[in-house]
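Everything below concerns the one structure shown next.
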Amino acid sequence: MIRTVESEQHVSPPVLAAYSYCEAVTGQQARNFAYGIRLLPTAKRRAMSALYAFSRRVDDIGDGELPTDVKAERLEETRALLGRIRADEVAEDDTDPVGVALTHAARQFPIPLGGLDELIDGVLKDVHGETYETWDDLKVYCRCVAGAIGRLSLGVFGTEPGARGAERAPEYADTLGLALQLTNILRDVREDAEGGRVYLPADDLAKFGCAAGFHGPTPPEGSDFAGLVHFEVRRARALFAEGYRLLPMLDRRSGACVAAMAGIYRRLLDRIEREPEAVLRGRVSLPGREKAYVAVRGLSGLDARNVSRRTVRRRA
């Protein structure tokens with residue numbers, strides 16, 4: 001069983017200021033993530049914001065315009081900060097608010113900080129322009145940049161006492177991260193291509209006649225682009241189905257947070273499936289009211305109850 005320390009002990013003004021900074025970063029930059037963490041109690045919400053702010057810093061280095069060697073150097077500097085956080089060496093009056101907040105969060109919750117090392121490793125793959133021949137190859141990358149975030153988040157959420165199968169919770173959190181990342185990859189096919197990045201496996205691209213890549217608002221001539229998208233959507237749905245088995249293991253508000261974030265991405269996947277070529281014309285997104293609906297649905301516990309019923313039926 002994975003437990004969290006849900007303490008409402010006194011938090012010093014410097015640490016509160018650091019958390020406020022991280023929450024501002026999250027609110028401004030996390031298009032989908034923020035809808036979920038708003039549902040958490042204060043201590044967990046702050047910890048998740050600190051995790052997001054650190055992850056955002058890593059992603060921004062990878063996505064920036066700096067030369068490759070400078071990006072790699074900045075990422076290693078960020079890894080050094082992570083080492084200081086892990087060693088509890090960041091003082092409350094340190095000038096880096098993300099370091100201050102994450103150090104405090106790591107004292108409160110059993111966060112597996114090695115997951116942030118994995119994130120840095122994944123972004124280094126981006127920096128060096130790695131491509132992926134097979135789904136097994138791509139899974140390694142997805143586990144670094146998204147599965148690890150799922151496992152880090154589980155360190156904050158914890159599992160309910162006595163939850164059946166809780167020893168598999170990190171596995172389900174990792175799998176849910178893979179589902180979200182594959183959805184991201186499908187949504188950003190055109191944007192990534194314009195930035196010189198290709199994430200979809202080369203053997204899948206070849207199978208559907210898309211090896212030439214995506215360089216405009218229409219699919220490559222003679223390709224079965226819709227077939228490619230539907231193939232990857234089925235893969236993502238299978239990952240969601242497996243990862244959703246985490247929900248009944250979480251307390252109500254943590255489960256609501258996960259259900260909200262995952263629910264937004266599942267609806268994105270539905271839109272992509274209905275109109276595959278839309279991802280070549282621009283970024284597919286959900287309106288705010290639909291995201292809010294998904295968050296309310298998550299808070300109701302409906303998704304967790306549905307997963308529990310399916311699990312019971314499988315055991316019967």
Side-chain angles (χ1 to χ4, degrees), residues 26 29-37 51-52 55-64 115 118-127 129-132 135 137-153 173-201 204-205 210 213-214 225 228-244 257-286 290-291 294:
T26 303
Q29 300 191 41
R31 295 182 181 90
N32 299 322
F33 187 82
Y35 277 86
I37 68 170
L51 279 172
Y52 178 84
S55 303
R56 180 76 264 165
R57 178 179 296 180
V58 174
D59 286 342
D60 285 347
I61 294 170
D63 292 338
E118 293 179 56
L119 173 63
I120 294 169
D121 291 340
V123 173
L124 279 168
K125 291 177 185 289
D126 287 338
V127 168
E130 289 196 25
T131 55
Y132 307 97
W135 167 237
D137 296 332
L138 180 58
K139 271 197 297 190
V140 174
Y141 168 77
C142 291
R143 286 213 157 93
C144 286
V145 300
I149 301 301
R151 287 177 267 118
L152 286 158
S153 301
D174 184 277
T175 301
L176 202 52
L178 264 64
L180 269 60
Q181 186 63 25
L182 183 53
T183 304
N184 261 337
I185 288 170
L186 286 173
R187 181 193 62 185
D188 296 340
V189 159
R190 170 77 182 278
E191 182 180 323
D192 289 333
E194 289 174 347
R197 293 179 182 174
V198 178
Y199 291 102
L200 291 174
D204 292 353
L205 294 173
C210 295
F214 311 104
F225 180 72
L228 171 67
V229 170
H230 291 149
F231 178 78
E232 303 297 350
V233 165
R234 288 193 296 273
R235 176 175 278 157
R237 287 198 190 286
L239 292 168
F240 273 116
E242 181 72 5
Y244 259 57
C257 174
V258 174
M261 289 188 286
I264 288 169
Y265 279 88
R266 284 183 70 185
R267 283 173 175 258
L268 281 173
L269 201 62
D270 290 342
R271 290 194 171 205
I272 292 168
E273 183 180 39
R274 287 196 299 270
E275 192 178 359
E277 291 187 23
V279 299
L280 297 178
R281 297 193 294 270
R283 177 178 281 252
V284 177
S285 62
L286 299 183
E290 191 168 350
K291 293 178 183 180
V294 174

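- For the pair R56 and F33, the cation does not sit on the ring face, since its NZ or CZ is not both under 6.0 Å from the ring centre and inside 45° of the axis.
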| Please walk me through it: do T26 and I37 pass side chain to side chain contact (heavy atoms under 4.5 Å, CB included)? | CA-CA 9 Å; T26 303; I37 68 170; 3.5 Å; yes
| Could you walk me through whether R235 and W135 pass the side chain to side chain contact (heavy atoms under 4.5 Å, CB included) check? | CA-CA 10 Å; R235 176 175 278 157; W135 167 237; 3.5 Å; yes
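- A salt bridge is absent between K125 and D137; no separation between the charged side-chain nitrogens and carboxylate oxygens falls under 4.0 Å.
- Rounding to the nearest 0.5 angstrom, the gap separating the OG1 atom in T183 from the CG atom in L178 is 10.5 Å.
- The heavy-atom pair separating G115 from A148 by the smallest distance is O-CB, 3.4 Å.
- Using a 4.5 Å heavy-atom threshold, the side chains of V258 and Y244 count as separate.
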List, one per line, each side-chain donor-acceptor pair under 3.5 Å for residues 272-282, sequence neighbours excluded.
| from | atom 1 | to | atom 2 | distance (Å) |
| --- | --- | --- | --- | --- |
| E273 | OE1 | R237 | NH2 | 2.7 |
| E275 | OE2 | R281 | NH2 | 2.4 |

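- A pairwise comparison of heavy atoms in G243 and T175 identifies N-CG2, 4.0 Å as the closest pair.
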| said: Run the side chain to side chain contact (heavy atoms under 4.5 Å, CB included) test on L138 and Q181 for me, step by step, so that the C-alpha distance in whole Å, both residues' side-chain angles and the decisive distance to 0.1 Å come before the verdict. | reply: CA-CA 10 Å; L138 180 58; Q181 186 63 25; over 6 Å; no
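- Note that CG of D63 and CG of D126 are 7.0 Å apart. Values are rounded to the nearest 0.5 Å.
- Between F214 and F225, the ring-plane angle classifies as perpendicular under the 30° and 60° cut-offs.
- G36 approaches A260 most closely through the heavy-atom pair CA-CB, 3.9 Å.
- Here the side chains of V140 and R143 are not in contact, with every heavy-atom distance at 4.5 Å or above.
- The nearest pair of heavy atoms linking S55 to I149 is OG-CD1, 3.6 Å.
- For the atom pair E242 CD and L176 CG, the distance stands at 10.5 Å (nearest 0.5 Å).
- Rounding to the nearest 0.5 Å gives a distance of 9.5 Å between CG of L119 and CG of L124.
- Atom CD of E232 sits about 5.5 Å away from atom CG of L182, to the nearest 0.5 Å.
- Legend: residues meeting ring-ring contact (aromatic ring centres under 6.0 Å, His included) with Y265, ordered by chain and number and at least two apart, are absent.
- Contact between V284 and L268 at its shortest, heavy atoms only, is O-CD2, 3.5 Å.
- Contact of the I185 side chain with the C142 side chain is registered, since non-hydrogen atoms from C-beta on lie closer than 4.5 Å.
- Under the side-chain contact (heavy atoms from CB on, under 4.5 Å) criterion, E191 pairs with D188, R283, sequence neighbours left out.
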| request: Please report the C-alpha distance between V189 and Y199 in whole Å, then the side-chain angles of each, then the deciding distance to 0.1 Å, and finally whether the side chain to side chain contact (heavy atoms under 4.5 Å, CB included) criterion is met. | output: CA-CA 8 Å; V189 159; Y199 291 102; over 6 Å; no
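- Between V123 and I61, the closest side-chain pair of non-hydrogen atoms is not below 4.5 Å.
- Heavy atoms only, all atoms of each residue included: A179 and A236 are closest at CB-O, 4.0 Å.
- The line from CG of L286 to CZ of R266 is 13.0 Å long, rounded to the nearest 0.5 Å.
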